[in-house]
Amino acid sequence: MTGIEELLLSRIRDVADYPEPGVTFKDITPLLADPAAFTVLTDALAAVAERTGATKVVGLEARGFILGAPVAVRAGLGFIPVRKAGKLPGATLGQAYELEYGSAEIEVHAEDLSADDRVLIVDDVLATGGTAEASIQLIRRAGAEVAGLAVLMELGFLSGRTRLQPTLADAPLEALLVV
């Protein structure tokens, strides 16, 4: 384990039985509250943006906004929020996807992306991969190229990476931590 991984893990708090019994929630708020750890996280994700040749960063609602916006600033790139349906004003492009119990939809302002863009998707956690998969499809439907997906933490036991490999194609998936 690297020093970066140790630092990040030391600032993530496990919350037992949240949001329901039997689930251990990975709380990143202590990491965000620590300026040194948050800076290390931002720098590591900005390095992914640079390696992938990204021209824009997409952050997935809601914690992807918290991580993606400073990454975009650090990397000198634009930031595009991908929101839950009905939260963006004006014309949007939407993508529906299935959840464990039901369905959901995410949206983006299509005019914020173009065929010239290489987009790095940033989020806090990769779990089952449903939201990430929908965001990849949405970005491609908007005409942009997916440069990669970068997350703070991958919950390996939920097999989100396996689900995403066909959709990502050659775009990399980088998780700073795998738990």
Side-chain angles (χ1 to χ4, degrees), residues 1-49 52 57-72 74 79 81-87 95-107 119-139 146 148-168 171-179:
M1 184 177 299
T2 68
I4 291 174
E5 290 170 333
E6 286 180 18
L7 174 63
L8 297 177
L9 272 175
S10 74
R11 301 305 189 274
I12 296 171
R13 179 174 60 140
D14 285 348
V15 180
D17 298 319
Y18 183 82
E20 59 187 53
V23 173
T24 300
F25 183 78
K26 300 292 189 183
D27 181 13
I28 68 167
T29 58
L31 189 157
L32 300 174
D34 180 328
F38 195 15
T39 298
V40 165
L41 171 59
T42 301
D43 288 347
L45 293 173
V48 175
T52 61
V57 172
V58 156
L60 304 182
E61 189 166 343
R63 288 180 299 267
F65 297 173
I66 297 168
L67 303 184
V71 167
R74 180 66 47 95
F79 176 77
V82 168
R83 307 248 9 225
K84 294 174 184 168
K87 300 288 185 179
Q95 180 70 43
Y97 63 102
E98 295 301 314
L99 297 168
E100 186 175 350
Y101 301 104
S103 63
E105 185 175 357
I106 53 175
E107 294 179 331
V119 178
L120 177 67
I121 302 162
V122 172
D123 205 3
D124 65 329
V125 174
L126 173 62
T128 62
T131 307
E133 183 177 45
S135 68
I136 292 165
Q137 294 165 343
L138 183 62
I139 289 162
V146 175
L149 171 63
V151 296
L152 163 59
M153 185 174 10
E154 176 182 351
L155 304 179
F157 62 94
L158 292 176
S159 303
R161 180 178 293 268
T162 302
R163 175 182 183 166
L164 288 177
Q165 290 302 343
T167 306
L168 276 167
L173 165 53
E174 294 203 34
L176 301 181
L177 303 171
V178 178
V179 296

Subject >> For Ser135 against Leu60, the heavy-atom pair lying closest together >> reply: CB-CD2, 3.6 Å

Original post:
More than 12 foreign heavy atoms under 6.0 Å from CZ of Phe25: is that the case here?
Top reply: yes

Original post:
Between atom CD1 of Ile121 and atom CG of Leu168, what is the distance when rounded to the nearest 0.5 Å?
Top reply: 7.0 Å

**OP:** Please answer whether the main-chain N or O of Gly130 pairs with a side-chain N or O of Glu133 as donor and acceptor at a distance below 3.5 Å.
**Re:** no

Original post:
Rounded to the nearest 0.5 Å, how far apart are OG1 of Thr128 and CZ of Arg161?
Top reply: 14.5 Å

Original post:
Hey, is the main chain of Thr162 close enough, under 3.5 Å, to the side chain of Ser159 for a donor-acceptor pair?
Top reply: no

Original post:
With side chains defined as the heavy atoms from C-beta onward, is the minimum distance between Asp27 and Ile12 less than 4.5 Å?
Top reply: no

Subject >> CD1 on Ile66 to CD on Glu61, rounded to 0.5 Å >> reply: 10.5 Å

**OP:** Determine whether Leu126 and Leu173 make a side-chain contact, defined as any pair of heavy atoms from C-beta on separated by less than 4.5 Å.
**Re:** yes

Original post:
Ala33 and Pro35: which non-hydrogen atoms are nearest, and at how many Å?
Top reply: O-CD, 3.3 Å

Original post:
Any side-chain heavy atom of Phe65 sitting closer than 4.5 Å to one from Arg83?
Top reply: yes

**OP:** Report yes if some heavy atom in the side chain of Leu152 is under 4.5 Å from a heavy atom in the side chain of Val125; otherwise report no.
**Re:** no

Original post:
Do Leu176 and Ile4 come within less than 4.5 Å of each other through their side chains, counting heavy atoms only?
Top reply: no

Original post:
When rounded to the nearest 0.5 angstrom, what distance separates OG1 in Thr29 from CG in Leu32?
Top reply: 7.0 Å

Original post:
Could you walk me through whether Ser103 and Glu98 pass the side chain to side chain donor-acceptor pair (under 3.5 Å) check?
Top reply: CA-CA 4 Å; Ser103 63; Glu98 295 301 314; 4.8 Å; no

**OP:** Quick one: pull up CG in Asp17 and OG1 in Thr24 and give me the separation to the nearest 0.5 Å.
**Re:** 7.0 Å

Original post:
Which is it for Glu6 and Leu9 under the side-chain contact (heavy atoms from CB on, under 4.5 Å) test, yes or no, and what are the steps along the way?
Top reply: CA-CA 5 Å; Glu6 286 180 18; Leu9 272 175; 6.0 Å; no

**OP:** Would you confirm whether Gln137, through its side chain, and Gln95, through its main-chain N or O, come within 3.5 Å as a donor-acceptor pair?
**Re:** no

Subject >> Derivation and outcome, side-chain contact (heavy atoms from CB on, under 4.5 Å), residues Met153 and Ile28 >> reply: CA-CA 10 Å; Met153 185 174 10; Ile28 68 167; 4.1 Å; yes

Subject >> Step-by-step side-chain contact (heavy atoms from CB on, under 4.5 Å) determination, Val57 to Val119 >> reply: CA-CA 6 Å; Val57 172; Val119 178; over 6 Å; no

Subject >> Minimum-distance pair of heavy atoms, taken over all atoms of Arg11 and Ala37 >> reply: CG-CB, 3.8 Å

**OP:** Work out which heavy atom in Pro30 is nearest to a heavy atom in Arg13; give both atom names and the distance.
**Re:** CG-CB, 4.0 Å

Original post:
Under the side-chain contact (heavy atoms from CB on, under 4.5 Å) criterion, do Val23 and Tyr18 qualify, and how do the steps go?
Top reply: CA-CA 6 Å; Val23 173; Tyr18 183 82; over 6 Å; no

Subject >> Side chain to side chain, Val179 and Lys26, heavy atoms closer than 4.5 Å >> reply: yes

Original post:
Given Arg63 and Asp123, is the salt bridge (Lys or Arg N to Asp or Glu O under 4.0 Å) satisfied, shown in steps?
Top reply: CA-CA 6 Å; Arg63 288 180 299 267; Asp123 205 3; over 6 Å; no

Subject >> Residue pair Leu138 / Ile106, side-chain heavy-atom distance below 4.5 Å >> reply: yes

Original post:
Side chains of Asp124 and Leu67: closer than 4.5 Å at any heavy-atom pair?
Top reply: yes

**OP:** Provide the closest heavy-atom pair for Gly59 versus Phe79 in the form atom of the first, atom of the second, distance.
**Re:** N-CE1, 3.5 Å

Original post:
Phe38 and Pro70: which non-hydrogen atoms are nearest, and at how many Å?
Top reply: CZ-CG, 4.1 Å

**OP:** State the CG-CD distance between Leu45 and Glu174, to the nearest 0.5 angstrom.
**Re:** 9.0 Å

